[in-house]
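Labels below follow one simple rule: chain letters A, B, ... track the order of the sequence lines, proteins then strands, and each chain is numbered from 1.
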2 protein chains.
Amino acid sequence: MPKPNLLITTDVVDQASIQALSRYARVFSSTTLDEPSLIQLLPTIDILLVFSWPTFLTAENLSKMSDLRFIQSILAGVNHLPFAQLDRKVIVSSNAGAYSDEVAEYAWSLVLSAAKRIVDFHNAVKTEQWTLRRTLGGKEVTLLGERTLGILGYGGIGTAVARIGKGFSMKIHAYSRKPVRENGVRSFQGDKGLFTVLAESNAVIVSLPLTKFTNKIIGADKLATMKKNAILVNIARGELVDETALYEHLKANPDFRYATDVWWYREGKESLKTTHPFFELPNFIGTPHVSGPSGLATGKPVMFAVENVIRFLRGLKPKSIVDPAEYLVTDRQEY
Amino acid sequence: MPKPNLLITTDVVDQASIQALSRYARVFSSTTLDEPSLIQLLPTIDILLVFSWPTFLTAENLSKMSDLRFIQSILAGVNHLPFAQLDRKVIVSSNAGAYSDEVAEYAWSLVLSAAKRIVDFHNAVKTEQWTLRRTLGGKEVTLLGERTLGILGYGGIGTAVARIGKGFSMKIHAYSRKPVRENGVRSFQGDKGLFTVLAESNAVIVSLPLTKFTNKIIGADKLATMKKNAILVNIARGELVDETALYEHLKANPDFRYATDVWWYREGKESLKTTHPFFELPNFIGTPHVSGPSGLATGKPVMFAVENVIRFLRGLKPKSIVDPAEYLVTDRQEY
């Protein structure tokens, strides 16, 4: 029986991984093929290993991939995949968990920068608007110990965020689809659960996947439910939060803080250009989607993704299979 | 037998605490007395409860306090006390531990802001010098998990810093006078121990008291021993670090980062004015000594200090007695 054909559409996969995959599949790399050869190859490809979605895989070219059975993403999230154009038989696996520890650390850097107002204080001293031990405009630093941390989405990142939160002696509220059974974590489900987590938490970290159910899940009603001096941190996807509702909320509640590493989509792409002037607000911290070091692309995430492709090739059930029905019909691009 | 006389030189002590103290002492408050009455009272005072050192307690006035036996500080550090002018019989207690959890959280906010370059990234996006996912000038965020954290000084703050560090899955190296016996902590003593901690750590937090032994303890030789891309955080006292040596080191090693909440002394007072232009350096983060919320002055630290005074009044040995011989002869002022 011939080996299945695997097409890798990124150059971040190392040689050792390609060798390992070659034991089970004929491995092709789109980065070493010219376009005509690539087009000719598409109908024979069984498996795709992708980082960002490759531009050559337009709807037309994708429709030629009649043998395609499995897509493995190296990025953790898959909301940018063209689910509407995929045949029902295609299994898609995210790379959930591959970036968890790194992103959880980054989430904490945003929580603490916001809690202790590091950016504001640094910039105030730098511009000599400040004197020793005066809190910023009468505002205090926020203490986290013994307070409540809400975690929205309790996957790999959420779990890692909670582990660190326990070190800070915080009470953990987890909002997730499945109940969480873990020491020191209170588990909440459903709409009522989400409102309770938001109402009771001093800091909330959003680590949900972006699906049609979570799109703009943090809107005006949810923000209104939160404590006036709460901290909201987003390391997942910008679109989980309603941009205009957030801006109005930050303006009306100067003690509320939003710190984000992720941004809203403009013309299908994540963009630092926002509709509202967030950077004019002292209660906003924004960084340019850098939670994972770029070196990571060739490290653990590739290893995780390759291991999962090998599971599939060996006839085992791959991990982190996503439900296409949950994802938006969208042309949104990550990376 | 008459009760001893206690003089409180700050208005941050609450009424309930004053009532508690009144069971064991006659309590006077310098903030409610005019200067002549105060001067007349000084020779009868047995105990002082101080926040910052009161300006009326000049060398001359202090010399009148022939009955003085005990000084309790509400501030954690006591390096600003006039030890040279104190009679040998006076016992001085610091308020070590009273701010530990809060300062440890703040220390972590500086470690993470520096590790993830939050201030730099935020300001770069704000001024539109930035695009998505480009690391700053080719620099990466630093991962902390599984790396080594050095803690210089393992008192209340150091211990709280380590507890949080374990949540980040860091290996902990503690440098202290007495050996530390604690799971997950490697203990180092002496000069050789200090050099080892500095050489092996990816991030170092300085939580030492400022004494004549620790003054400028982090000089050029110690900095040279550290990893080129290490993070050094100071939440203790500015003078623990040699200012000029640090500036030269930051200029020569752009991947090395220094984040501080505490500043060097100018004319005897901690000051945001520095000899060198630290804020021009992207690898410097500075905040204006705000690690404890100002509300704290009337909270736990007062409770801790009052409890210790009551220990003394009840004939028990007070906690956190300092050795005057270790402190500098100085007129440095805190607050």
Item to check | Contacting moiety of A:E128, where chain B heavy atoms sit under 4.5 Å | outcome: side chain
Next on the checklist: So, taking the atom named CG in A:D120 and the one named OG1 in B:T287, what distance separates them when rounded to the nearest 0.5 Å?
Outcome noted: 11.5 Å
Checklist entry - Hey, which of A:F279, A:W263, A:F121 has the most heavy atom pairs under 4.5 Å with chain B? => result A:F279
Checklist outcome for this item: When the 4.5 angstrom heavy-atom criterion is applied to A:K116 and chain B, the contacting part is both
Item to check | Which atoms of A:N123 approach chain B - backbone, side chain, both or neither, heavy atom under 4.5 Å | outcome: side chain
Checklist entry - Of all heavy-atom pairs between B:G145 and A:E105, which one has the smallest distance, and what is that distance? => result N-OE2, 2.6 Å
Checklist entry - Which atom names give the shortest non-hydrogen contact between A:E102 and B:L143, and what distance separates them? => result CG-CD2, 3.4 Å
Checklist entry - To the nearest 0.5 Å, what is the distance between CD (A:E280) and NZ (B:K126)? => result 9.0 Å
Item to check | Which of B:S169, B:P277, B:A259 touches chain A most, by non-hydrogen pairs under 4.5 Å | outcome: B:S169
Next on the checklist: Can you tell me how far apart CG (A:L110) and OG (B:S113) are? Round to the nearest 0.5 Å.
Outcome noted: 9.0 Å
Checklist entry - Quick one: does A:I285's side chain get under 4.5 Å of B:I118's, heavy atoms only? => result yes
Next on the checklist: Can you give me the closest heavy-atom contact between B:F284 and A:H122, atom names plus distance?
Outcome noted: O-CE1, 3.3 Å
Checklist entry - How far apart are the closest heavy atoms of B:P288 and A:V125, and which atoms are they? => result CD-CG2, 3.7 Å
Checklist entry - What pair of heavy atoms forms the shortest contact from A:I164 to B:G167, and how long is it? => result CG1-O, 3.4 Å
